[in-house]
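Presented below is the structure to which this report refers.
Each ligand, and each atom within it, is numbered from 1 in the order the structure gives.
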Amino acid sequence: MAGPEWQSLEQCLEKHLPPADLREVKRILYGKETRKLDLPSRAFEVASAADFELQGYAFEAAAEQLRRPRTVRVGLVQNRIPLPADAPVAEQVSALHRRIEAIVEVAAMCGVNIVCFQEAWTMPFAFCTREKLPWTEFAESAEDGPTTRFCQKLAKKHNMVIVSPILERDGAHGDVLWNTAVVISNSGAVLGKTRKNHIPRVGDFNESTYYMEGNLGHPVFQTPFGRIAVNICYGRHHPLNWLLYSINGAEIIFNPSATIGALSESMWPIEARNAAIANHCFTCAINRVGKEYFPNEFTSGDGKKAHQDFGYFYGSSYVAAPDSSRTPGLSRNRDGLLVAELDLNLCRQVNDVWTFKMTGRYEMYARELAEAVKPNYRPNIVTE
Ligand SMILES: NC(=O)NCCC(=O)O
C-alpha cells in the first residue's frame with residue numbers, strides 16, 4: 001500500500017489519462033464539475049510559507065425566484081501531528097494549537113464561515129496503544145477546557161463557527177471520557193457538543209478501551225450559516241447515523257476522521273459521497289495525515305509482529321454535494337485546508353427532483369426495525 005510518496009488519486013489520473021478520458025472518468029467519479037474558487041493570492045502565499053496545501057471549489061445551485069442563494073464557505077483542515085507522540089503532552093497540545101491557528105488565519109482570508117478540524121485533533125491517535133497514561137491526559141472539558149477556550153477566541157476573532165473534535169473529559173459525570181465534537185458559534189459562545197455514536201472494533205482502532213458510545217443522539221446545530229451536524233469517523237459506515245442527522249434537519253454533516261489506508265481507503269471516496277446523495281445534504285469528510293510512532297510496541301492481535309505505528313493516515317479530505325458532485329480531495333501527504341463554497345439551496349432542489357425524503361418508507365422501516373431488535377425476533381425469510 002502506498003505511503004506518502006503517492007500524492008493523490010486526482011494527481012495520478014491527471015498524469016496518466018488523455019484529456020477526453022479524464023473528462024469522462026471525472027464525470028463519473030466526481031459528478032458535475034465544481035468551479036475553482038478564486039481565493040486571494042495572499043492566502044496561497046501564506047499557506048505555502050507555512051507548508052500546507054490550499055484548495056478551493058464552489059458548488060452551484062440553480063437560481064430561484066423566492067429564495068436568494070444561501071451561500072456558505074466551509075473549511076476542512078487536515079494535518080499531521082507537529083511533534084512526536086512522545087513529546088510532553090502540554091507541548092504537543094500547544095504545537096497543535098499554533099498549527100491550527102495558522103491554518104485558520106488562512107481560512108479567514110478565504111472567507112470561511114464554518115471550519116472543522118480532524119477527529120481528536122489535539123492529540124496523536126494513540127488509541128491503538130491501549131495504554132491509559134499519558135494519552136488520557138489529552139482529554140479536556142468540552143465546555144471550558146483550554147482547547148475550547150482557544151477555539152472560542154479564534155471563532156470570535158474571525159466570526160467563524162468552529163467544529164472542534166476532542167477527547168472529552170466529562171467532569172460532571174465522574175470524569176469519564178468521550179469522543180466529542182464541540183461546536184463553537186461565530187459569537188464565541190459554545191453552542192453545544194455532540195458525541196461519537198459508533199466505536200470501532202476493527203484493526204488497531206481500540207477506542208472502546210477509552211470511551212463508550214455517545215449518549216447525545218443526533219443533535220443538529222442552527223448556526224447563522226446553516227444547520228450543521230457532526231458524524232464522527234466510524235459513524236460514516238452507518239447509513240442510519242447519517243440519516244438521523246438529516247432527519248433532524250442537517251444541511252451540512254461534517255465527518256472528522258482518523259483512518260488508515262490499509263483499512264479504509266477504498267471506502268473513503270464512496271461513503272460520505274453516498275451519504276450526501278442519500279440524505280439530500282452536503283457532507284465534509286476529513287482525515288488526518290501521516291504516520292504516528294508510539295514509544296511502546298503494541299500488537300494488533302493478529303499473530304503478526306508487534307509494531308509502533310498505526311499505519312498511514314491518508315488525508316484526502318473532500319466535500320460532497322446532494323447532486324452527487326464532489327470536490328477533488330486534498331493530498332494524501334500534506335497538511336491542508338480545503339475551502340468549499342456551498343449554496344445550501346441545492347439540498348431542497350435535489351430533494352424536489354429525487355424525492356428520497358418523500359419516497360423513503362420511514363414508518364415501515366421503523367415498524368420493522370422495532371420488531372427486529374427484539375430478542376425473540378425471527379427474520380422474515382420465505383421458504384418453500
Ligand atoms: N477513528 C475511527 O473511528 N477509525 C475507525 C476506522 C475507520 O472508520 O475507517
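Residues passing the side chain to side chain contact (heavy atoms under 4.5 Å, CB included) test with Arg227 are Val220, Gln222, Glu251, sequence neighbours excluded.
Contacts of ligand 1 (protein heavy-atom distance under 4.0 Å) are Glu119, Phe125, Lys196, Pro200, Phe205, Glu207, Cys233, Tyr234, Arg236, His237, Ala258, Thr259, Leu263, Ser264.
Salt bridge Glu24/Lys26: absent, no basic N to carboxylate O contact under 4.0 Å. Comment: Glu53 does not engage Arg334 in a salt bridge, judged by the lack of any side-chain N to carboxylate O separation of less than 4.0 angstrom. Ion pairing of Arg326 with Glu10 is present here, as a side-chain N (NZ or NE/NH1/NH2) and a carboxylate O approach within less than 4.0 Å.
Geometrically, Lys193 does not engage Phe221 in a cation-pi contact, judged by NZ or CZ lying under 6.0 Å from the ring centre and within 45° of the ring axis.
Within the 4.5 Å cutoff, the side chain of Arg195 has heavy atoms near those of the Asn215 side chain.
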